[in-house]
Amino acid sequence: MAVAERWEKAVQLASDWELRNKQQKILDDVWELTKSLATQRITKRLLNNLLSNSIGEELKGENFQKFCSDWLEGKKNSRATAESTLRRYKSIIDGFLARLPEKRRCASVSSMTVAEIERFRNSEIQVGKTAGTANFGVKVLRAVFNTARRQGVISTNPAEAVELLLEEPEERLPFDEEQIKALLAAAKGDRQWIGMVLFAVHAGLRLTDSANLTWNNIDLAGRTLTFRAKKTGKRTKKDTVIALHQDIVNYLDSLPVNDVPGQSLFPSLAGRQSGSHAGLSNTFNRLIQKARIRVPVGAEKEGKGRRFQKLGFHSLRHSFISRLANSEVPVDLRRMLAGHSSDQIHRRYVHLDLSLQEKAIGKLPSVL
């Protein structure tokens, strides 16, 4: 009788178009009343039919693999997530699904267990990935299950019960002044890479943001650069405006005059991917080698994990921010120029010279 009353309540909610928000409560009640998988299946089938007849939808969360696919599609359609981030999300979800038995992939979202997520986290470590990478996978799964919870598919998030591993962060280093000069000297035969280095070290641009600059981004009269960062622009919907350093102005003045609107600053680099052998990142790494700069590396890894290189193109962004800090530029202005959303993120990019510390200590009066 109690179960029948819940079913009757579901019919009434469906007729009022309110079943979507109460479906999980009904399922939870029926389970608590009966502890019967058969009754639970019948209830789900009833709710599915009611939803289909009332609002043209099906009961969400009955197929975990489909739910994940829909979650990724939602992220893609929102256009708030960068394509590179979407690819990373998909890789993690595909990896998690691949470690589930076939029947489990098609099971309901609510049946996913803490143990299954823990096994996935541990397997990432076993193939040689870092704790940070394994933790990121757990965080992506937390986001998937949080969406399910907000939609009323589940009442608790199993991924939140999975402990994150202790991380030993592998920190990117900045290039020092001599290394920057060595890079520019090594790029002497390639004017485009000279420009890439200058935009990174004097404006903090990331690799693909710099490579895809056009003359439309430049206002030489106003001496400004205006661009929308690929990594954060979709989320913030804001352009970044940075004053041009004299080195960049001199570089731009040296380029051939071109009246074509939207012409790329770096034609042979624009549109190229960061990864792959011929990608931008590896091309810059070869420039580092040509400049004879020794690159410190992280701990040796086993399996699929790549050995971390502490110097790369992104190190020039660290150099930009650190040079500002060492010139005693206030943190609020540094954050604005770098486009960082928090002090915590910004601090990871600041590498203070000992001379600046000595200057600060020297301001303390003697106590002798």
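Along the sequence shown, the residues carry numbers beginning at 1. For clarity, every value in this text was computed on a predicted model and none was experimentally measured. These numbers come from the heavy atoms of this one structure, side chains and all, not from hydrogens, waters or symmetry mates.
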Does the side-chain contact (heavy atoms from CB on, under 4.5 Å) test come out yes or no for L287 and D190, once each step is laid out? CA-CA 10 Å; L287 183 64; D190 190 336; over 6 Å; no

Go through it in stages, so that I can follow the logic: the residues are V30 and L27, the test is side-chain contact (heavy atoms from CB on, under 4.5 Å), and I'd like the CA-CA distance, side-chain angles, deciding distance and then a yes or no. CA-CA 5 Å; V30 170; L27 286 168; 5.9 Å; no

Go through N250 and Q246 one step at a time and tell me if the side chain to side chain donor-acceptor pair (under 3.5 Å) criterion holds. CA-CA 6 Å; N250 293 341; Q246 187 61 46; 2.7 Å; yes

Walk me through whether L225 and L205 qualify under side-chain contact (heavy atoms from CB on, under 4.5 Å). CA-CA 11 Å; L225 163 69; L205 265 67; 3.6 Å; yes

Can L244 and I218 be said to form a side-chain contact (heavy atoms from CB on, under 4.5 Å), step by step? CA-CA 9 Å; L244 292 176; I218 305 297; 4.3 Å; yes

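No donor-acceptor pair closer than 3.5 Å links the side chain of R119 to the backbone N or O of L100. Under a 3.5 Å cut-off, the side chain of R149 and the backbone N or O of T156 do not form any donor-acceptor pair. Between the Q23 side chain and the L47 main chain, no donor and acceptor come within less than 3.5 Å of each other. When atom types are taken as modelled, the side chain of R88 and the backbone of S84 share no donor-acceptor pair closer than 3.5 angstrom. Of the possible donor and acceptor atoms, one in the side chain of K290 sits under 3.5 Å from a partner among the backbone N and O of A186. A distance-only check finds a donor-acceptor pair linking the side chain of N212 to the backbone of G271 [under 3.5 Å]. With hydrogens and angles ignored, the 3.5 Å screen pairs no side-chain donor or acceptor of R191 with any backbone N or O of L255. Listed for the S315 side chain is a donor-acceptor partner under 3.5 Å among the backbone atoms of G312. The closest donor-acceptor contact from the side chain of D209 to the backbone of A229 lies at 3.5 Å or more, if one exists at all. Side chain of S210 to backbone of R206: no donor-acceptor contact under 3.5 angstrom is found.
The shortest distance between side-chain heavy atoms of H314 and S281 does not fall below 4.5 Å. Inter-residue side-chain proximity for L165 and V138 is flagged as unmet; no heavy-atom pair is nearer than 4.5 Å. Side chains of N122 and I125 form no contact here, defined as non-hydrogen atoms less than 4.5 Å apart. Two residues are said to be in side-chain contact when any heavy atoms from C-beta on lie closer than 4.5 Å; W193 and L183 fail this criterion. Contact of the H318 side chain with the K310 side chain is not registered, since no non-hydrogen atoms from C-beta on lie closer than 4.5 Å. Counting heavy atoms from C-beta on, the side chains of T283 and L269 never come closer than 4.5 Å. The shortest side-chain heavy-atom distance between T34 and Q40 does not fall under the 4.5 Å cut-off. Between L184 and L198, some side-chain heavy-atom pair lies under the 4.5 Å cut-off.
When hydrophobic clusters are built by joining Ile, Leu, Val, Met, Phe, Trp and Tyr residues whose side-chain heavy atoms come closer than 4.5 Å, directly or via intermediates, L333 is grouped together with I321. No continuous path of hydrophobic side-chain contacts links W31 to V153 [ILVMFWY only; heavy atoms under 4.5 Å]. There is no path of hydrophobic side-chain contacts, each under 4.5 Å, that joins V241 to V329.
Taking both residues in full, the closest heavy atoms of A270 and S264 are given as CB-OG, 3.6 Å, listed atom of the first, atom of the second, then distance. Taking each heavy atom of I92 and F120 in turn, the nearest pair found is O-CZ, 3.8 Å. The two residues Q192 and Y251 have their closest heavy-atom pair at CA-OH, 3.9 Å. When every heavy atom of L97 is checked against every heavy atom of R105, the shortest pair comes out as O-NE, 3.0 Å. Heavy-atom minimum distance, K139 versus L164: CE-CD1, 3.8 Å. For the residue pair G204 and R317, the shortest heavy atom distance occurs at O-NH1, 2.6 Å.
A 6.0 Å sphere centred on CZ of R286 holds more than 12 heavy atoms belonging to other residues, nucleotides or ligands. Within 6.0 Å of atom NZ in K188, 12 or fewer heavy atoms from other residues, nucleotides or ligands are found, so the atom counts as exposed in its surroundings.
Rounded to the nearest 0.5 Å, atoms CD (Q65) and CD1 (I93) are 10.5 Å apart. Remark: T208 OG1 to L213 CG distance equals 10.0 Å, nearest 0.5 Å. Note that CH2 of W7 is 12.0 Å distant from CD1 of I26, once rounded to the nearest 0.5 Å. A distance of 4.5 Å separates CH2 of W215 from CG of L252, quoted to the nearest 0.5 Å. Note: I194 CD1 to F266 CZ = 10.5 Å, rounded to the nearest 0.5 Å. Expressed to the nearest 0.5 Å, how far CG of L207 lies from NZ of K230 amounts to 9.5 Å.
Using the six-membered ring where Trp is involved, H245 and H202 have ring planes that are parallel, under 30° apart on the 30 and 60° scheme.
Residues forming a salt bridge (charged side-chain N to carboxylate O under 4.0 Å, His left out) with E177 (at least two apart in sequence, or on another chain): R323. In this structure, F136 has no ring-ring contact (aromatic ring centres under 6.0 Å, His included) partners at least two apart in sequence or on a different chain. Not counting sequence neighbours, E73 has no partner by the salt bridge (charged side-chain N to carboxylate O under 4.0 Å, His left out) test.
Under the ring-ring contact (aromatic ring centres under 6.0 Å, His included) rule, F313 has a single partner from F284, F175, F320, F199, which is F284.
Checked against a 6.0 Å centroid threshold, the rings of F67 and F145 do not count as neighbours.
No side-chain donor from either of Q289 and N285 sits under 3.5 Å from a side-chain acceptor of the other. A donor-acceptor pair shorter than 3.5 Å cannot be found between the side chains of T43 and R6.
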